[in-house]
Amino acid sequence: MVKKLIIDCDPGIDDAVALCMALFDPRLDVLAITSTAGNVESSQASKNVQTIVESLDPPRWPRLGTAPEGLFVGHANAKQIHGNDGLGNFNSQLSRLHHQHPSEKVITDVVRNAPGQVTVLCLGPLTNLALAFSRDPDLASMIDRVVIMGGSISGVGNVTATAEYNMFCDPEAAQTVFRSLVTKTLVPLEVSQQLTFNLSMLDELPDASTRAGNFLRNVLPFLFRSYRQVYGLEGIHLHDVVALIAALHPEFFETQDMAGDVETNGSLTRGATVFDRRSRPEWRINLEVAMKLDKQAVRDAIRESIRYAGQLTR
Ligand code: BDR
Ligand code: CA
């Protein structure tokens, strides 16, 4: 069955690769792409989403949502990883932003049009979903599932010693979503980091004569360079791509039901995800957490999805 999907994102190179895959995957119906500040500020995030969709020009355009302005500004700088524009300094030809609606309104409208049928894949800070829940408290019960890239089970972060980037940027929103009754799957750092892609990935991308191949060949090399410069690694992690596969193929992931929350105040732990793992937990179970992935199956699914994108953009 084709899965109805909203992708909420902060592009970001790994977000961009996930969008490129999702827009052409025959098992997905991407109803909307909503943007949020995160890897880049709000206006750049909205611009990037439109740039990606225009460059790829899928057969059916999803609804697009603009990122809310000024809710948080520059809590963490991701430009050294994703480039000044978030897309590896992609030379966007975008002249102007199409008329768009606020992301949180798009999420609300799309879910209300198909209650119980829509999965929301969150690839950035959880700002939009938290806003949508406060605007429409019944919404949480109408979403089939939220799949979230973010958090860390071990307590080791990637932006601070304790916090993962998406949680750190807007921990208040993350806490709202964690505490809501919506059905959730968390794909934490430990799982997205179980897959490393090395430079040979670039050789396997679709031909540059295809729109998808051309786009990916433009944005991905920057990520390899920044991983080498910033982390001293020869390979890259594609966190958001792994989360997309978790939405598409949950059977490739081992999960555990857990009780989790997000720290909003700690001077050392702001944005850290905290789980009640006591032998007699006192918190209510509120999340399914991915613990392990089937490396070969996930890698093959990513390859297949990128191949579709190439075939359909000739
Ligand atoms: C997450 O942070 C962002 O930089 C990536 O796009 C991903 O969503 C990984 O911590
Ligand atoms: Ca992201």
Side-chain angles (χ1 to χ4, degrees), residues 6-22 33-42 44-49 51-52 65 67 72 74-88 90 103 120-129 146-171 173-174 177 185-197 219-220 222-224 226-227 229-231 233 235-247 262 270-273 289-290 293 302:
I6 297 174
I7 306 180
D8 186 54
C9 57
D10 62 332
I13 297 176
D14 57 335
D15 302 75
V17 179
L19 292 180
C20 180
M21 292 161 56
I33 303 176
T34 52
S35 44
T36 183
N39 287 319
V40 287
E41 54 279 12
S42 310
Q44 185 71 48
S46 308
K47 188 176 165 196
N48 286 356
V49 164
T51 297
I52 295 164
F72 62 91
H75 278 185
N77 188 350
K79 292 188 174 164
Q80 48 176 351
I81 299 294
H82 297 277
N84 285 332
D85 65 350
L87 295 179
F90 185 76
S103 290
V120 183
L121 173 64
C122 295
L123 305 180
L126 296 173
T127 313
N128 289 329
L129 204 53
V146 175
V147 178
I148 301 165
M149 190 286 125
S152 143
I153 328 165
S154 61
V156 180
N158 62 349
V159 58
T160 67
T162 57
E164 180 278 330
Y165 188 84
N166 291 336
M167 301 290 114
F168 180 79
C169 282
D170 194 348
V177 173
T185 301
L186 190 72
V187 181
L189 268 186
E190 289 83 354
V191 171
S192 62
Q193 288 173 338
Q194 281 171 22
L195 269 196
T196 302
F197 298 85
V219 298
L220 264 171
F222 189 96
L223 201 59
F224 281 96
S226 58
Y227 264 64
Q229 279 159 14
V230 178
Y231 304 127
L233 295 176
I236 58 169
H237 297 129
L238 292 171
H239 308 281
D240 294 341
V241 169
V242 173
L244 169 68
I245 301 297
V262 182
R270 184 181 153 81
T273 42
V289 182
L293 51 73
I302 293 170

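Residue indices begin at 1 and follow the sequence shown. Scope of the values below: all heavy atoms of this structure, side chains included, with no hydrogens, waters or symmetry mates. Order of appearance sets the numbers: ligands from 1, and atoms from 1 within every ligand. In this text the structure is predicted, and so the values were computed from the model without any measurement.
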Which distance, rounded to the nearest 0.5 Å, do you find between the [atom1] of [X] and the [atom2] of [Y]?
X	Y	atom1	atom2	result
L195	I236	CG	CD1	11.0 Å
S103	L129	OG	CG	11.0 Å
S35	I7	OG	CD1	12.5 Å
I52	F90	CD1	CZ	8.5 Å
N48	I33	CG	CD1	12.0 Å
D240	D10	CG	CG	7.0 Å

Checklist entry - For the Ca ion (ligand 2), how many protein N, O or S atoms lie at less than 3.0 Å? => result 5
Item to check | Single hit among Q193, E190, E164 for side-chain hydrogen bond (donor to acceptor under 3.5 Å, both in side chains) with S152 | outcome: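 Testing S152 for a side-chain hydrogen bond (donor to acceptor under 3.5 Å, both in side chains) against Q193, E190, E164 leaves exactly one candidate, E190.
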List ligand 1's nitrogen or oxygen atoms that come under 3.5 Å of a protein nitrogen or oxygen, with the partner atom and distance.
| unit_1 | atom_1 | unit_2 | atom_2 | d |
| --- | --- | --- | --- | --- |
| ligand 1 | 4 (O) | N39 | OD1 | 2.6 |
| ligand 1 | 4 (O) | H82 | NE2 | 3.3 |
| ligand 1 | 6 (O) | D14 | OD1 | 2.6 |
| ligand 1 | 6 (O) | D14 | OD2 | 3.3 |
| ligand 1 | 6 (O) | D15 | OD1 | 3.0 |
| ligand 1 | 6 (O) | N39 | ND2 | 3.1 |
| ligand 1 | 6 (O) | D240 | OD2 | 3.1 |
| ligand 1 | 8 (O) | L123 | O | 3.0 |
| ligand 1 | 8 (O) | N166 | ND2 | 3.0 |
| ligand 1 | 8 (O) | D240 | OD1 | 2.6 |
| ligand 1 | 8 (O) | D240 | OD2 | 3.1 |
| ligand 1 | 10 (O) | N158 | ND2 | 2.9 |
| ligand 1 | 10 (O) | E164 | OE2 | 2.5 |

Checklist entry - In terms of side-chain geometry, is the basic nitrogen of E41 or K79 positioned less than 4.0 Å from the acidic oxygen of its partner? => result yes
Item to check | Geometric class of the H237/H239 ring pair [parallel <30°, tilted 30-60°, perpendicular >60°] | outcome: tilted
